[in-house]
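Just dropping this structure here.
The figures here come from the full heavy-atom set of this structure, side chains too, leaving out hydrogens, waters and symmetry mates. Nothing fancy with the numbering, it's 1 onward along the sequence. These numbers were taken from a predicted model, which means no experiment stands behind them.
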Amino acid sequence: MTPARLPDLLLHVAVVRPVFVWGAPGIGKSSLVRDFAAALGLECVTLVGTQLAAEDLIGVPELRNGRSRFAPPETIARDEPYCLFLDELNSSGADVQKAFYSLILDRRIGAYELPPGSIVIGAGNRAADNALARPMASALVNRLVHVHLRAAYTDWLGWATGAGIHPWVLEYLAERPGHLWSAPPKTEEAFSTPRSWHMLSDALHSYGDDIDDDTLRLLAAGTLTPAHASAFCGYLRIVRNRYGLEAILRGDVPWPRAATDRDLLYYLAETFRERLVKDLPRDKDHAPATVRHFAHRAKALLVELAEISLECAQLVVAADDDGAPVLPAWFLVEVSRDLPRLVAARAA
């Protein structure tokens, strides 16, 4: 489900049964739970599974009237109702997960019982996201209502516009909403998430709009998926230097050729591809003269682009992830006549 739907589900389910929220790193699980608790007027007490030992939940034994009993920790043993948030629950060890059994199902630790009106919510990353995640015991799985959260651009935008996110980030993601999130890589490198875009925004605010290109590339590479970082830097070259695709289409300026402009060239190639997808009709015979003129100009620009970077030209005519053509077949046929090596490379 999307983040916008989660509060309503928690309002109806978490008040009667414990809920576990699954999701990739950086999509806002923790902040959503804290905001939900605040909306109910409940203090949110967070326990991080990776930082706990079993005794942190069960407590330590104490003598009372000649008998021993476990005294629950102060963070849990409260008199007023609250939201107990078990973050990274599935990253904790087996002994810690076992200690959660009675707390999650019976709302009790030893002799202590959660005050009426308290709610219990857990969250964790998925093993498929290359995160630290251990198998959750079936007994624990069966004590929770499970929901799966995914990143959604429209939900993020509603939050970001009031959260002071840098205008460059907002404007870029408005054009590339699919770049808000990318699957975690299998290697230790930065990748795009709502959280990483927020970090980049904070850094941009700190530097100010006169940030130099080298620093900008460093920040983008340190927070975003490599392809997204390159595209973002290319976009800002356009924003800051008014070097846009429209000027190239009109013939006012050529494709950038300098080696230092490679990120700009990739961004312009991606933008060119999207423009072709948007404006070229599937059937050429019924296209107006203006569209046919645009197609003729586009083929000439593809030839020029291929002379600078065959890879960027291939990006423009590439098929989708499933191998299906994105551009109209008639346009690809005409391109194959004007630039056979491009189509041959695309087919290979």
(message) With a 3.5 Å distance limit and no angle check, can you tell me whether Ser206 reaches the backbone of Ala203 through a side-chain donor-acceptor pair?
(response)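 No; zero donor-acceptor contacts below 3.5 Å.
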
(request) Mind checking the OH-CD1 spacing from Tyr82 to Ile76? Nearest 0.5 Å is all I need. (result)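 Rounded to the nearest 0.5 Å, the OH-CD1 separation comes to 5.5 Å.
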
(request) Run the salt-bridge test on Arg275 and Glu246 with the 4.0 Å N-O cut-off and return the result as yes or no. (result)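 Looking at Arg275 and Glu246, the cut-off is met.
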
(message) Looking only at the side chains, is there a donor atom on one of Asp87 and Ser30 sitting less than 3.5 Å from an acceptor on the other?
(response)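 Indeed, the side chains of Asp87 and Ser30 share at least one donor-acceptor pair under 3.5 Å.
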
(message) Distance check, rounded to the nearest 0.5 Å: Leu301 atom CG versus Leu276 atom CG?
(response)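 Between Leu301 CG and Leu276 CG, I get 9.0 Å after rounding to 0.5 Å.
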
(request) Would you indicate whether Arg297, at its atom CZ, is surrounded by more than 12 heavy atoms from other residues, nucleotides or ligands within a distance under 6.0 Å? (result)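 Yes, because the 6.0 Å sphere around CZ of Arg297 holds more than 12 heavy atoms from other groups.
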
(message) Applying side chain to side chain donor-acceptor pair (under 3.5 Å) as the test, list every pair that has at least one member in residues 218-231; sequence neighbours left out.
(response)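 Matches after skipping sequence neighbours: Ser182-Thr225, Ser192-Thr225, Ser192-His228.
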
(message) For a quick test of reading the model, state the closest non-hydrogen atom pair linking Asp263 to Cys233 and the distance between them.
(response)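 Closest pair (atom of Asp263, atom of Cys233, distance): OD2-CB, 3.3 Å.
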
(message) Nearest 0.5 angstrom please: Leu268 CG to Glu270 CD, how far?
(response)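 Going from the CG atom of Leu268 to the CD atom of Glu270 covers 10.0 Å.
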
(message) Just checking His148: does its NE2 atom have more than 12 heavy atoms from other residues, nucleotides or ligands closer to it than 6.0 angstrom?
(response)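 Yes, enclosed.
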
(message) Go through it in stages, so that I can follow the logic: the residues are Phe232 and His179, the test is ring-ring contact (aromatic ring centres under 6.0 Å, His included), and I'd like the CA-CA distance, side-chain angles, deciding distance and then a yes or no.
(response) CA-CA 10 Å; Phe232 181 69; His179 287 192; over 10 Å; no

(message) Tell me the closest heavy-atom pair linking Cys83 and Val33, and the distance in Å.
(response)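 Closest approach of Cys83 to Val33, heavy atoms only: SG-CG1, 4.3 Å.
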
(request) Flag the pair Asp95 and Lys98 as a salt bridge only when some basic side-chain nitrogen lies within less than 4.0 angstrom of an acidic carboxylate oxygen. (result)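 Salt bridge absent between Asp95 and Lys98.
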
(request) First locate atom CZ of Arg257, then atom CD1 of Ile308, and finally report the distance between them rounded to the nearest 0.5 Å. (result)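 The distance works out to 4.0 Å.
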
(request) Identify whether the distance between the nearest side-chain nitrogen and carboxylate oxygen of Arg107 and Glu113 falls below 4.0 Å. (result)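 Result for this pair is no, no salt bridge flagged.
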
(request) Check ring pair (Phe, Tyr, Trp, His ring centres under 6.0 Å) between Phe272 and all other residues, then give those that pass, not counting sequence neighbours. (result)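 If we apply the ring pair (Phe, Tyr, Trp, His ring centres under 6.0 Å) test to Phe272, skipping adjacent residues, the hits are Trp255.
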
(request) Hey, could you give me the CG/CD1 distance between Leu173 and Ile165, rounded to the nearest 0.5 Å? (result)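 Atom-to-atom, Leu173:CG and Ile165:CD1 are 9.5 Å apart.
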
(request) Mind running side-chain contact (heavy atoms from CB on, under 4.5 Å) on Asp214 and Arg217 for me, showing each step along the way? (result) CA-CA 5 Å; Asp214 288 341; Arg217 281 193 290 268; 2.5 Å; yes

(message) Does anything in residues 6-26 form a side chain to side chain donor-acceptor pair (under 3.5 Å)? List the pairs, not counting sequence neighbours.
(response)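 Of all non-adjacent pairs touching residues 6-26, those that pass side chain to side chain donor-acceptor pair (under 3.5 Å) are Trp22-His146.
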
(message) Tell me whether Asn142 at atom CG has more than 12 heavy atoms from other residues, nucleotides or ligands lying less than 6.0 Å away.
(response)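 No, because the 6.0 Å sphere around CG of Asn142 holds 12 heavy atoms or fewer from other groups.
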
(request) Would you please classify the geometry between the His205 ring and the His166 ring as parallel, tilted or perpendicular, with 30° and 60° separating the classes? (result)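 Tilted.
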
(message) Whether Arg34 and Glu43 form a salt bridge (side-chain N of Lys/Arg under 4.0 Å from carboxylate O of Asp/Glu) is what I want to check.
(response)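 Arg34 and Glu43: not salt-bridged.
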
(request) Report yes or no: do Tyr267 and Glu175 form a side-chain donor-acceptor pair below 3.5 Å? (result)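 Glu175 and Tyr267 do have a side-chain donor-acceptor pair below 3.5 Å.
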
(request) Measure the CZ-CG distance between Arg237 and Leu265 for me, rounded to the nearest 0.5 Å. (result)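 Interatomic distance, Arg237 CZ to Leu265 CG, rounded to 0.5 Å: 10.5 Å.
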
(request) May I ask you to check whether over 12 heavy atoms, not counting those of Glu311, lie within 6.0 Å of atom CD? (result)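 Result for CD/Glu311: open.
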
